Each structure stands twice: as structure tokens, then as C-alpha cells.
Amino acid sequence: MNRAFLIIAGLILWALPAGCGPDPAEEKPAAPPAESAPTAPAAAHGSRAHPVTAQTRQTYQFYCAQCHGTEGHGNGINAPYLTVPPRDHTKADYLETRSDEYLFTAIQKGGLAVGRAPCMPSWEYTLDKDTIHSLVSYIRELCRCEAL
Amino acid sequence: MNNPKHFFLTGVFLVIAVTGSAGAMAAPALVKEKQCDTCHRFASGPAEKEQYGPDLFFAGDKFQKKWLENFLQHPEAIRPAGHTRDPGFLKGQRRTEPHPVLNSQETRQMTDYLMSLKTLKESPPLNLPALSKGARVRVKILFERDYSCIACHQSYNLAGLPRGGVSGPSLLDAGNRLRPEWVYQWLKNPKAFATQGRMPLYRFDEETLKQLTQYIMSHTKDDPGQ
């Protein structure tokens with residue numbers, strides 16, 4: 001392959017937020033909103049409009065566990081091969097800085113839609129909205145946290 | 001996921017499954033002899049518990065005859081993490097029993113049979129031209145960034161080295177292994193072949209469908225860095 005072409009193509013891919021490439025926001029999680037206050041995490045799960053069901057857990061295992069791992073630790077079978085590690089859904093310190101709407105959009109529209117890694121695909125045409133809402137509830141259960 | 005569209009698509013799948021296999025040859029005794037149906041499904045419908053190999057009831061739509069002939073004599077793993085029905089799939093503990101190796105006579109017989117197994121009623125040739133280098137880079141961005149395919153499928157980086165996830169089938173030799181018509185149909189409507197797969201569903205426009213098909217078909221071990 002032509003060396004000059006390789007260099008140019010490489011620059012193009014580097015300049016764009018290329019597939020699963022380094023995520024510039026990765027090291028700088030957004031600060032929680034100033035007006036928010038910590039909430040009691042576990043208590044809220046049962047009262048969610050879209051509770052976690054057996055179907056939710058099954059859906060997570062079927063689709064999400066490939067990258068996020070069967071227990072949500074971000075260590076799925078694809079994880080070693082991705083430049084940006086899949087999110088660890090058991091880590092509250094990051095997930096409590098994200099709203100439920102943010103998590104919903106990340107699942108529905110994919111990582112790029114929320115300014116994160118493009119390795120996370122859009123599940124918009126695979127999972128209906130109720131299922132995605134229940135997955136958000138399940139992530140809250142895994143991290144034992146709520147949005148601050 | 002109680003969506004009316006799923007019922008419709010399931011209906012379409014069933015119609016295709018029932019009507020599409022009319023030209024299939026009778027299974028040769030070799031299928032039983034080599035116990036192929038222990039791991040592979042040769043008809044649509046619910047999978048047996050132990051069938052951890054890829055479905056073959058649309059093998060004639062999916063595979064290139066030459067690749068199939070070579071594979072049956074020199075099998076290699078296509079799914080680095082094993083098939084999604086393998087109980088060890090998500091644990092990184094794929095089944096590791098070697099695939100049976102066929103001799104040349106068995107290979108001819110088996111290939112003829114497998115190539116007769118089709119689901120698509122019609123599969124007109126696509127005749128897509130090869131992508132230019134510039135176009136290939138543009139579609140590579142679609143493949144890796146916009147549609148996140150690289151998270152689950154092995155592809156090539158710009159230096160021609162393997163890169164990507166392992167939960168989906170490797171695409172490193174897709175251009176020799178798969179028929180472009182099948183790739184196109186799979187990307188368009190995977191439910192025509194599998195009622196439920198772990199790959200996200202997309203709604204590609206016609207041009208994107210063709211470009212992604214061309215891109216996937218450009219992956220060959222003979223020329224990984226093209």
C-alpha cells in the first residue's frame with residue numbers, strides 16, 4: 001500500500017473520533033451538578049417506573065454482557081480488544097455523575113451520541129424504550145447508586 | 001420488546017423458512033456419519049441444546065463454494081469466542097473440540113449439499129465494484145465509528161493488522177468466505193436468518209448497505225492491508 005496514502009488516511013482517522021479510539025473525555029468525568037445532593041441508592045430501585053425484571057437481566061446478559069461482562073464489571077469477552085474499556089457498571093463514582101436520561105441516550109443512540117466512545121453501538125432498533133428504561137434501572141442496581 | 005414489528009418480521013421469517021428450502025438436496029449419509037447435526041442446525045426452528053455451531057440451513061446463501069471446500073479440509077475458528085449458543089461463550093470458555101476434517105471426496109459431497117441449502121427465495125447478484133482507497137477509508141469510519149462494528153468483529157487496521165472484538169464472527173477473511181448477496185441481506189434484515197442475534201439491528205439506507213457490504217467483502221487474508 002502506498003506509504004503517503006497510509007499516512008494521510010491515518011491522519012484522517014486520528015483527527016476524527018475514530019472507532020473505539022481514545023476518548024478525550026475519558027479521564028475527566030463531568031462534575032456532578034452543584035445543586036444536587038446524594039440520594040439513598042438502593043431504596044429507589046423498587047419505586048422505579050421501569051423496574052428490573054427477569055427479562056431485563058436476560059436482555060443484559062444477551063446483549064450487554066458481551067462487552068460489559070456478565071456481572072457488569074466491564075470485563076466482557078470483547079473488553080481486552082477495545083481501546084476504550086467498556087464501562088464498569090458496578091462503579092458508582094462515575095455512574096452517579098450521570099443522569100438516567102444520559103444512560104438512556106447512551107444505550108439508545110450509542111456512545112457517540114453522548115460524547116463517549118464509539119465502541120458502544122446504538123440499540124435504538126433492537127430494544128424498545130421500556131426495555132432500555134429497565135436497563136437503566138438495572139445499571140442503577142449494579143452500581144447501587146442514583147444520579148446525584 | 002413486545003413490538004408489532006417483531007411479530008411481522010417473525011412471520012416473514014417463517015414464510016421464508018418454509019418456502020425457501022425447496023431446492024435443497026437430501027442430506028447425505030455423511031451428515032449423520034460425521035455427526036454434523038450434533039452442532040449444526042440444518043433446518044430453521046428452535047435449536048437443540050447442544051447445537052453450538054453456526055446454522056447451516058442457509059449455507060448456500062452465505063458461503064462461497066471454494067472457501068467451504070477449503071474449510072472442510074482445513075477447518076479454522078471463525079468465531080474467536082465460540083458460537084453464541086455455546087454455554088462458555090460469555091465466560092471466555094469456548095468449546096475447543098476440533099472440527100472434523102473431511103477428505104476430498106467427502107468434501108465434494110458435503111459442499112454440494114451445503115450449497116443447496118438456501119433460505120433466500122431470490123438472491124440476484126449484486127455486482128458491486130471494489131471500493132477505491134478513499135472510499136474504503138470513509139466506509140471504515142462508518143464501520144468502526146458510526147456503527148461500532150469493530151467492538152464485536154475482527155477487522156484490519158490501516159497497517160493490515162487484526163483489530164477488533166471477538167464476540168461476533170471474525171471478518172478477517174470475509175471476502176473469501178461470504179457471498180456479498182448474503183452480507184447485504186444480513187445487514188438489511190438479519191431476522192431473515194436468525195430470529196434473535198446479539199448484533200444490534202440497523203436501518204441502513206441502500207447506499208450505506210452496499211458500501212458496508214463492499215467494505216466487508218474487501219477483507220481478505222490474501223491482502224489484509226489493501
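Only this structure's heavy atoms are used, side chains among them; waters, hydrogens and symmetry mates stay out. These figures come from a predicted structure and were not determined experimentally. Just so we're on the same page: letters track the sequence lines, and every chain starts at 1.
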Q: Walk me through it: do B:Tyr147 and B:Phe204 pass the test ring-ring contact (aromatic ring centres under 6.0 Å, His included)?
A: CA-CA 10 Å; B:Tyr147 300 117; B:Phe204 301 118; 4.8 Å; yes
Q: Given that the side chain runs from C-beta out, which part of A:Thr70 has a heavy atom under 4.5 Å from chain B: side chain, backbone, both or neither?
A: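 A:Thr70 touches chain B through side-chain heavy atoms alone.
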Q: What residues, two or more places apart in sequence or in another chain, satisfy ring-ring contact (aromatic ring centres under 6.0 Å, His included) together with A:Tyr138?
A: A:Tyr60
Q: Can you say whether the rings of B:Phe42 and B:His40 are parallel (under 30°), tilted (30 to 60°) or perpendicular (over 60°)?
A: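 It falls in the perpendicular class, over 60°.
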Q: At a 4.5 Å cut-off on heavy atoms, which part of B:Tyr202 comes close to chain A: side chain, backbone, both, or neither?
A: both
Q: Is the A:His68 ring parallel, tilted or perpendicular to the A:His89 ring (thresholds 30°, 60°)?
A: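 The rings of A:His68 and A:His89 lie parallel, inter-plane angle below 30°.
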Q: Can you list the residues of residues 165-178 of chain B that sit under 4.5 Å from chain A, counting heavy atoms only?
A: B:Gly165, B:Val166, B:Ser167
Q: With a 4.5 Å limit on heavy-atom distance, are the side chains of B:Phe193 and B:Lys62 in contact?
A: no
Q: Can any side-chain N or O of A:Arg87 pair as donor or acceptor with the backbone N or O of A:Gly74 at less than 3.5 Å?
A: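 A pair under 3.5 Å: no.
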Q: Does the side chain of A:Thr56 come under 3.5 Å of the side chain of A:Thr53 through a donor N or O and an acceptor N or O?
A: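 Yes, side-chain donor-acceptor contact under 3.5 Å.
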